[in-house]
Amino acid sequence: MTTADFSPGSKPGTWIIPASGHMLVPVEFYATRPLLETLDSRVITQIKNVATLPGIVEAAVIMPDGHQGYGFPIGGVAAFDQDRGGVISAGGVGFDIACGVRTLLTGIPVRDLPARAERLADRLAAAIPAGVGSRGLPALPDAAMRRMLSGGAHWAVEQGFGNSHDLERIEDGGCLEDADPAMVSPRATERQRTEMGTLGSGNHYLEVQHIAEIIDAKTAAVFGLHKDEIVVSLHCGSRGLGHQVATDYARTMLEQAGKHGLCLPDRELACAPIKSSLGHRYLGAMRAAGNCALANRQIIAALVRRVFNETFGSADLPLLYDVSHNLCRVERHAAGRLHVHRKGATRSLPPGHPRLCSDFQAVGQPVLVGGSMGTSSYILAGHSNAAFASACHGAGRRLSRTQAARRWQGAKVVNELRRQAIIVRGQSGRGLAEEAPGAYKDIDQVIAATVAAGLARTVARLEPLICIKG
DNA sequence: ATGTGC
């Protein structure tokens with residue numbers, strides 16, 4: 001099974017594997033030729049397996065940044081019709097439920113940064129707990145945990161983190177409806193009790209960036225992006241709680257697969273019919289975990305504002321947008337009402353979409369695409385050609401964590417970035433090695449493929465100045 | 001991604 005399986009699709013930049021064997025739909029991949037040629041064969045196996053799941057609609061999709069994941073590829077999009085036996089899969093959402101990115105505007109010119117950069121990096125590193133097992137807010141009692149899991153970013157605002165204007169700039173208005181905290185296990189709750197307001201580890205980060213390039217001036221103006229100004233982007237998710245929810249339900253879905261009459265090509269693709277009790281329970285727990293991620297990012301944004309107030313004398317950092325890239329949502333598409341799994345893929349709503357807040361009606365939603373440590377990030381805008389209204393989410397790994405840790409050393413990576421005038425504060429040498437820029441695909445290729453396939457339009461390119469890594 | 005393995 002190789003990239004030779006792909007043939008050019010009818011749309012530019014699109015590659016297809018026709019349905020064969022147990023596949024119910026074709027596979028669709030968006031890529032430049034270099035990205036196509038470097039696609040790992042295991043990813044192709046994984047997405048072909050996804051195409052065999054009951055009730056899948058139209059195509060199993062991989063974004064340009066796609067790479068191997070647990071069951072489903074990261075960068076995978078798959079939509080299911082509950083009236084045609086459609087399923088929901090814990091592995092199809094991923095372990096870090098509602099992991100995502102938010103970007104805050106500062107209006108501060110980049111020339112004001114150098115004199116304060118080291119101090120700002122130290123203060124951010126001190127204010128935002130990061131790394132494995134770090135602790136955040138004081139332990140939350142059970143009643144507060146339940147309110148957090150139901151309320152998402154709204155709960156965080158009620159607790160004094162940020163303001164109600166932020167909520168309009170968060171997908172789903174800052175709260176996933178129909179969350180069911182009772183479906184979250186006591187173990188998952190326990191793990192999260194002291195982890196609210198923590199960044200986490202792995203590819204999670206907080207970056208101070210400058211707007212290096214404006215590509216679409218009209219849309220950039222609507223988004224409030226001006227060349228040579230500073231923005232802050234942060235990438236994190238639902239921490240231990242999301243991980244435990246995914247673990248709990250992946251196991252139960254596997255145990256009950258026989259009962260549901262499911263024949264799984266890979267045990268990591270464990271799933272349940274959307275219409276089953278287990279399917280409903282998972283969706284309730286997944287949305288609760290999603291609210292945990294939304295609250296977490298809202299808290300961290302408030303911590304960032306405090307640090308900027310100390311450093312620049314202004315805490316006025318309006319939220320551009322907050323996107324989740326590991327989530328299953330119920331959405332209406334050409335094929336009807338579908339459960340759209342996005343795992344390492346960003347929603348990309350086009351101009352005029354009813355779910356878009358009024359600010360973005362004319363231009364489409366901001367699609368925030370984080371690069372690897374030390375490379376560009378991009379801000380795109382949603383476009384009507386996007387498959388199931390989806391676009392890429394990042395650079396995408398090229399090498400596994402193990403391969404990267406063998407090839408690089410954390411201290412050397414930090415020194416190399418310092419030569420490029422990028423300040424890095426990390427928690428673990430191994431973690432920094434695993435996150436070396438060379439372990440990731442070329443973000444410019446990923447963006448080129450995304451734009452060529454019409455998934456989104458490029459608005460602005462950001463370059464990192466300070467990177468706080470978990 | 002993860003109190004980075006059951």
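The sequence lines fix the lettering, A, B, ..., with proteins before strands; numbering per chain opens at 1. Fair warning: this is a prediction, and the values are worked out from it, not measured in the lab.
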Handout entry: Over all atoms of both residues, closest heavy-atom pair of A:Ile128 and A:Leu206
Key = CD1-CD1, 4.0 Å
Problem - Nearest-angstrom distance from the residue atom CG of A:Leu432 to P of B:dT4 - result: 18 Å
Completion exercise
To the nearest angstrom, the CD-C1' distance between A:Glu434 and B:dT4 comes to 9 Å
Tabulate below the donor-acceptor pairs under 3.5 Å that side-chain atoms of residues 283-295 of chain A make, not counting sequence neighbours, or state none.
from     : atom 1 : to       : atom 2 : distance (Å)
A:Asn291 : OD1    : A:Leu176 : N      : 2.7
A:Asn291 : ND2    : A:Leu149 : O      : 3.0
A:Asn291 : ND2    : A:Ser150 : O      : 3.4
A:Asn291 : ND2    : A:Leu176 : O      : 3.2

Problem - Salt-bridge present (A:Arg187, A:Glu190; N to O < 4.0 Å) - result: no
Practice task
Starting at atom CG of A:Leu199, determine the distance to atom C1' of B:dT4, rounded to an integer number of angstrom.
Solution key: 16 Å
Handout entry: Results of side chain to side chain donor-acceptor pair (under 3.5 Å) for A:Asp172 - residues two or more places apart only
Key = A:Arg329
Handout entry: Check against ring-ring contact (aromatic ring centres under 6.0 Å, His included), A:His393 and A:His235
Key = CA-CA 11 Å; A:His393 86 307; A:His235 174 214; 7.3 Å; no
Problem - For atom CD of A:Gln427 and atom C1' of B:dT2, their distance in whole Å - result: 16 Å
Fill in the blank from the handout: Assert: residue with more 5' nearest nucleotide on DNA chain B, out of A:Arg397 and A:Arg430, is A:Arg397
Exercise for the section: Output yes when at least one side-chain N/O atom of A:Arg401 is less than 4.0 Å from OP1 or OP2 of B:dT4, else no. Expected result: no
Exercise for the section: Could you tell me whether A:Gly237 contacts a base, only the sugar-phosphate backbone, or nothing, with contacts defined as non-hydrogen atoms closer than 4.0 Å? Expected result: nothing
Problem - Within residues 132-153 of chain A, residues whose heavy atoms come under 4.0 Å of DNA chain B - result: A:Val132
Exercise for the section: Could you grab the distance from atom CD of A:Gln403 to atom CH2 of A:Trp408, nearest 0.5 Å is fine? Expected result: 9.0 Å
Problem - A:Arg187 CZ - B:dT2 P separation (whole Å) - result: 16 Å
Handout entry: Whole angstrom value for the distance that separates P of B:dT2 from NE2 of A:His204
Key = 5 Å
Practice task
Assign A:Gly242 to base, sugar-phosphate, or nothing according to its heavy-atom contacts below 4.0 angstrom with the strands shown.
Solution key: nothing
Exercise for the section: Please determine if a side-chain N or O atom of A:Ser201 lies less than 4.0 Å away from the OP1 or OP2 oxygen of B:dT4. Expected result: no
Handout entry: Modelled atom types, side-chain donor and acceptor of A:Asp65 and A:Tyr440, under 3.5 Å
Key = no
Completion exercise
note: A:Leu254, atom CG; B:dC6, atom C1'; distance rounded to Å ~ 16 Å
Completion exercise
In whole angstroms, the gap separating C1' of B:dT4 from CG of A:Asp96 amounts to 13 Å
